[in-house]
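Naming convention: chains lettered A, B, ... in sequence-line order (proteins, then strands); numbering from 1 in each chain.
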Number of protein chains: 2
Amino acid sequence: MSERRELANAIRFLTVDVVQKANSGHPGTAMGMADIAEVLWNDFLRHNPANPKWLNRDRFVQSNGHGSMLTYSLLHLAGYGLTVQDLKDHRKLHSKTPGHPEYGITAGVETTTGPLGQGFATAVGMALAERKLAQDFNRDGFPVVDHFTYVFVGDGCLMEGVAQEAASLAGTLKLNKLIAVYDDNKISIDGETPGWFADDSAARFRALGWNVIADVDGHDAEAIAAAFTAARRSEDKPTMICCKTIIGYGSPNKQGKEEVHGAPLGVDEVARTREHLGWTHEAFVVPETVMRAWDARPRGERVEAEWNALFATYRTHYPELAAELERRSAGKLPDGIDAVVAGEVTRILSATPVREPIRKASNRVLGNLLKSVPEVIGGSADVSLSTLAWTGAARSITPDDFSGNFLHYGVREFGMSAMMNGMAAHGGLIPYGACYLVFSDYSRNAVRLAALMGLKAIFLYTHDSIGVGEDGPTHQPCEQLVALRAIPNMSLWRPGSELEALVAWEHALKRQGPSVVVAARQDGGVFAHSAGDLDGMRKGGYVLKDSVGKPDVVLVATGSELGLILAAATTLEAQGKAVRLVSIPNGNLFAREGRDYQDSVLAFGTPMVFVEAASPLYWYQFLKGPGTVVGVDRFGESAPGPEIYRLMELTAERIVSEAEQLLR
Amino acid sequence: MSERRELANAIRFLTVDVVQKANSGHPGTAMGMADIAEVLWNDFLRHNPANPKWLNRDRFVQSNGHGSMLTYSLLHLAGYGLTVQDLKDHRKLHSKTPGHPEYGITAGVETTTGPLGQGFATAVGMALAERKLAQDFNRDGFPVVDHFTYVFVGDGCLMEGVAQEAASLAGTLKLNKLIAVYDDNKISIDGETPGWFADDSAARFRALGWNVIADVDGHDAEAIAAAFTAARRSEDKPTMICCKTIIGYGSPNKQGKEEVHGAPLGVDEVARTREHLGWTHEAFVVPETVMRAWDARPRGERVEAEWNALFATYRTHYPELAAELERRSAGKLPDGIDAVVAGEVTRILSATPVREPIRKASNRVLGNLLKSVPEVIGGSADVSLSTLAWTGAARSITPDDFSGNFLHYGVREFGMSAMMNGMAAHGGLIPYGACYLVFSDYSRNAVRLAALMGLKAIFLYTHDSIGVGEDGPTHQPCEQLVALRAIPNMSLWRPGSELEALVAWEHALKRQGPSVVVAARQDGGVFAHSAGDLDGMRKGGYVLKDSVGKPDVVLVATGSELGLILAAATTLEAQGKAVRLVSIPNGNLFAREGRDYQDSVLAFGTPMVFVEAASPLYWYQFLKGPGTVVGVDRFGESAPGPEIYRLMELTAERIVSEAEQLLR
């Protein structure tokens, strides 16, 4: 047995023993990719286990995250402080080795993977971030940002559409420092893949502008090393290394079969595998010599020290750049941000309110903020001008010039969102990306992963309701607002004025977690804010206009429907009713406020009408007395937006009538 | 000017004049693809405008649906009864020519398109349906099901991941009667595509197993005709015809530019285009000679008559097959279905209830129903055995044998769902397809389109909550139930017993519209139903177990949480409380019931606890008095399912405690 094979077998037996002990898990992938991982981690990967957050480390992502024991074994062996006990606790509550790799739980895990295809797309985002930061910060002789992104993918990842979207853009953008390894084992859960996956993957990736290294024997260390060496030399293309592997390699009776994918081998087969691979050690025991060979800490200390020396000299030459890179990498916003926000507040409060599309107000404040936050990288899934994601501060990134700050993602909402996650997880950049609200559906699981990981990624959605008008029901969202707000750890803004839009973007830039900003294509209402509104706005909901004395009725709205409740209030007040108007631009934040604050705004028990051009479901949680929700619970129509508002009875008259009924 | 070009120009001028009149719309695509469409419709397409539902018609889908004026012009010219006035009403309320093609609104529109990529994937489903029905019904000399599916796609469609998923499976399944035409005009909304879309699309589709006809001049009728002729000869591969076109062809100042994509040309440019193309006719006027040349009715009558003759002879030889094909095409279930359901009811009511996973109970009733409903075609996105979509009645469809009834879709949730829509829209088949509930996120917009179109497609989702356990938060849905229920026209079942599962599947098979069946991996509760439960079950919610006398508290649950309220009730009853237990397996149906029925079940005003292992948001709508919702509003953990239930306090003890607080 070669020494390399022995090193790889350490992964295999940690995996089979852990999965056997947990009596649950996925041994096949780790056994199949062990040789590849061994070569990558021992010969190529530049990282420092003592500092998993070193900014210039190579990124490693295992997109086929169900095979997480591969990652955990690597982190254990390389010296990331993951203990044997941690491994034994695989898939147990609050362990460092959950079923799938989880960002923030385990040092060395760069992103949460498990939802297939997305780890790959996220890795593309990381490579994109590296290219962008390298362009902005590197100077002659000072490649301070200069690392590779490696990603392992399985058949499942390549079948998922999101991988196609990301691969296509990676090829277009010539991300040559992205190196993917395809674990071509021809097995997925349903069995042998040729019955449902007959792609010529090598040819496919070539067609996407990739450097493809095909037909590599994934169990031949020399061939694998040669492939990585060649991949790292690619000058203008990302590389896909297609490795033929045997799933569950080493298990005499189960290798190459689906049964080794997602279940323990069984005690007997574990023993036979030991015999077959000549691994004589007890369960969980890796011999000292093997552990030493794996230990990446000395090498890691050295490579980081080299980089630190480089960076120190860089700092003497480019002190501002060095400070800026450090600031960004630490996730700190520029000191001046609060002053900029304050300036915007003053500008808005002193201007005469005008009727304008909310997306336009949002675009203006965003553009003004961005001048002071250079780490923000915008983008849009092909609708830059209709989403108005394109601000006055925007400059396009092109395949040959990454000095801009705006990505044309093409018609790829899901890929965009997963790539945004990759940039946010990489660090040094704050991504925002836009599409029409209804097509948030396409990207929903990536938005979810941003929330799960707590990544600072900002999703801008316009065309937010039946207000879209003529394009019809396929383009008119209805259930998307409640669906997005329902994602745990989400913060969804639907501003109805320029000031609300400002607060939304400010909060989104500051929040350690994702935000959704919904900026309607239709007009907001015309009303003058006072500085006093800001505090409540930042809590997600506030009294926009109070009644004199105790309100008879409370009208609540968001976004473009603020104009409707303003109009309804005029009518009701003419009837002598005391009307309180409430705006809840961020129901997620408002819901997290205490009951007292909510009561101070909503006056629970007072008859209440909620108004939003969307599924009413979200608002019932705040309805603790008589009241109703005026919303949209059917599909829209193709007609001018105002006509559909009337058709759906989303009108001031309807609100008045609902209020009157409640007051009867 | 050649005569063909004149025919194509009729499309161009109907389009530019309509868009100019509507002052909104997308002229570029119709102008660019007019020559291709002219050749296809006049030389190849077998259809009968007098009978748009003729079962053996060729299917035509315009996946780049924003260019809907192409489809509308074709339908007008071919004789589908779409009048000039209908065209003039483009994008007006309740017109037959909405902004995007809408299924059910316009005769001849085979599916709703607009959400990019999905029209293509839906067309793959249609071709799949054709292949399946051909295999089942055709006999030597009687190709009664024998048609092509043509689909037009733009750059946007090809960028979307869903197209990749469908294309890959179409290649694998050798759907040679699928013919796609790629409108390669190198323009998308952000401008010239090479900056974000540099794929070699021809090579890509070859890699996916397609017959690719590359570099066709999309404005050369002869070249186009030759391409279609060659495509129709493909024996074992779907065909992609890559046509180089000029967007907005004929507009001297705007063709080839983005500005012609989504806005009227302007009065002056319309005039210049007339001049440039030598079209001397007034707006909306197509000369009689041109109309006659386009009229597809005589040819349509002939081809359908030929087929009718063939079918008449087929009927004499194979009366049962003929009757069966007619029954299925009419969307009628077999007569015996009610007896089968009744038999299942009897079987279930007479059996002793056992503790078992709900997905297993669902699998059993589904398998038993399917024996009598041969038009059902099942499938799963690679997790056939863990979703238990694979029933005792299942047989795999393979690339070379479509006699089975189960599709292995691979890891392609979105593609699967869009293909299911295509099969449902084609007719003759009822598709169901499965994946884990959390990955419904991937396919969400296709589920939405099924609801918008009212298609009978059934989405089976398992692994429905934190109960998934060790795989962790990426695999544990939380917000998906409310998000799916919020889709208009959706019918979501989350059964908690075998009888509820039976009712769910029965309803799903009978409903003209999509259904979601959520079948938990975890166990249901153990309780005996009575036949009296059925009626309320079919209304979506019912009293599972009532108190003697007026209830002090109402406990409501769905699915696997029925077991929890049963246990809580035991404790509360021991304390002398009168407890009513309510099951709401289908909140969508229950919400559509009148307030009286809802009140008869929920006893509004009584303290109430709703329990579901999911986002609580859905249930507040039914909370019209004191009460609370015990749910899950944060991400899960990786640990055994029961531990996470305890961690999240989703326990009988918690329910008891909440009830006690309400009763205090």
Of the backbone (N, CA, C, O) and the side chain (C-beta and beyond), which part of [X] lies under 4.5 Å from a heavy atom of chain B, both, or neither?
X	result
Ser384(A)	both
Thr113(A)	backbone
Asn445(A)	both
Thr112(A)	side chain

Side chain, backbone, both or neither: which part of [X] has a non-hydrogen atom closer than 4.5 Å to chain A?
X	value
Phe197(B)	both
Gln621(B)	both
Ala451(B)	both
Pro477(B)	backbone
Asp633(B)	backbone
His26(B)	side chain
Ser24(B)	side chain

Taking every heavy-atom pair that is under 4.5 Å apart, which of [options] has the most such pairs with chain B?
options	result
Val383(A), Val482(A), Thr398(A)	Val383(A)
Pro488(A), Ala207(A), Ser380(A)	Pro488(A)
Glu413(A), Arg444(A), His66(A)	Arg444(A)
Gly472(A), Ser615(A), Gly156(A)	Gly156(A)
His90(A), His94(A), Arg485(A)	His94(A)
Leu449(A), Leu484(A), Val438(A)	Val438(A)

Please tell me if the side chains of [X] and [Y] come closer than 4.5 Å, counting only heavy atoms from C-beta onward.
X	Y	value
Gln164(A)	Met159(B)	no
Leu93(B)	Leu647(A)	yes
Leu617(A)	Tyr618(B)	yes
Phe635(B)	Glu102(A)	no

Show the nearest heavy-atom pair for residues [X] and [Y], with the distance to one decimal.
X	Y	value
Gly195(B)	Leu173(A)	O-CD2, 4.4 Å
Gly114(B)	Thr474(A)	CA-OG1, 4.4 Å
Gly410(A)	Trp196(B)	CA-CD1, 3.6 Å
Thr172(A)	Pro194(B)	CG2-O, 3.6 Å

(message) Within a 6.0 Å radius of atom NZ on Lys96(B), are there more than 12 heavy atoms belonging to other residues, nucleotides or ligands?
(response)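 Counting other residues, nucleotides and ligands, NZ of Lys96(B) stays at 12 neighbours or fewer.
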With respect to chain A, which residue among [options] yields the maximal number of heavy-atom pairs within a distance under 4.5 Å?
options	result
Ala198(B), Gly209(B), Pro115(B), Ala483(B)	Pro115(B)
Leu452(B), Val632(B), Val447(B), Val629(B)	Leu452(B)
Glu637(B), Lys92(B), His475(B)	His475(B)

Can you tell me how far [atom2] of [Y] sits from [atom1] of [X], rounded to the nearest 0.5 angstrom?
X	Y	atom1	atom2	result
Asp441(A)	Asp441(B)	CG	CG	9.0 Å
Glu470(A)	Ser95(B)	CD	OG	10.5 Å
Ser168(A)	Arg204(B)	OG	CZ	7.0 Å
Leu385(B)	Asp190(A)	CG	CG	6.5 Å
Tyr620(B)	Phe622(A)	OH	CZ	9.0 Å
Arg412(B)	Glu160(A)	CZ	CD	9.0 Å

(message) Keeping Asp471(A) on the side-chain end and Gly99(B) on the backbone end, is there a donor-acceptor pair under 3.5 Å?
(response)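 Not a single qualifying donor-acceptor pair exists.
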(message) Is it the case that the side chain of Asp382(B) and the backbone of Ile189(A) share a donor-acceptor pair, with hydrogens and angles ignored and the cut-off at 3.5 Å?
(response)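 Yes: the side chain of Asp382(B) pairs with the backbone of Ile189(A).
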(message) I'd like to know if Arg206(A) pairs up with Asp200(B) as an ion pair, taking the criterion as any Lys NZ or Arg NE/NH1/NH2 lying under 4.0 Å from an Asp or Glu carboxylate oxygen.
(response)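 Salt bridge absent between Arg206(A) and Asp200(B).
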(message) Salt bridge or not between Arg448(B) and Glu479(A)? Use side-chain N to carboxylate O under 4.0 Å.
(response)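 Yes.
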(message) Tell me if the centroids of the rings in Phe414(A) and Tyr442(B) come within less than 6.0 Å of each other.
(response)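 For Phe414(A) and Tyr442(B), the ring centres are under 6.0 Å apart.
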(message) Apply side chain to side chain contact (heavy atoms under 4.5 Å, CB included) to residues Asn489(A) and Arg634(B) and explain how you reach the verdict.
(response) CA-CA 7 Å; Asn489(A) 191 30; Arg634(B) 58 188 179 99; over 6 Å; no
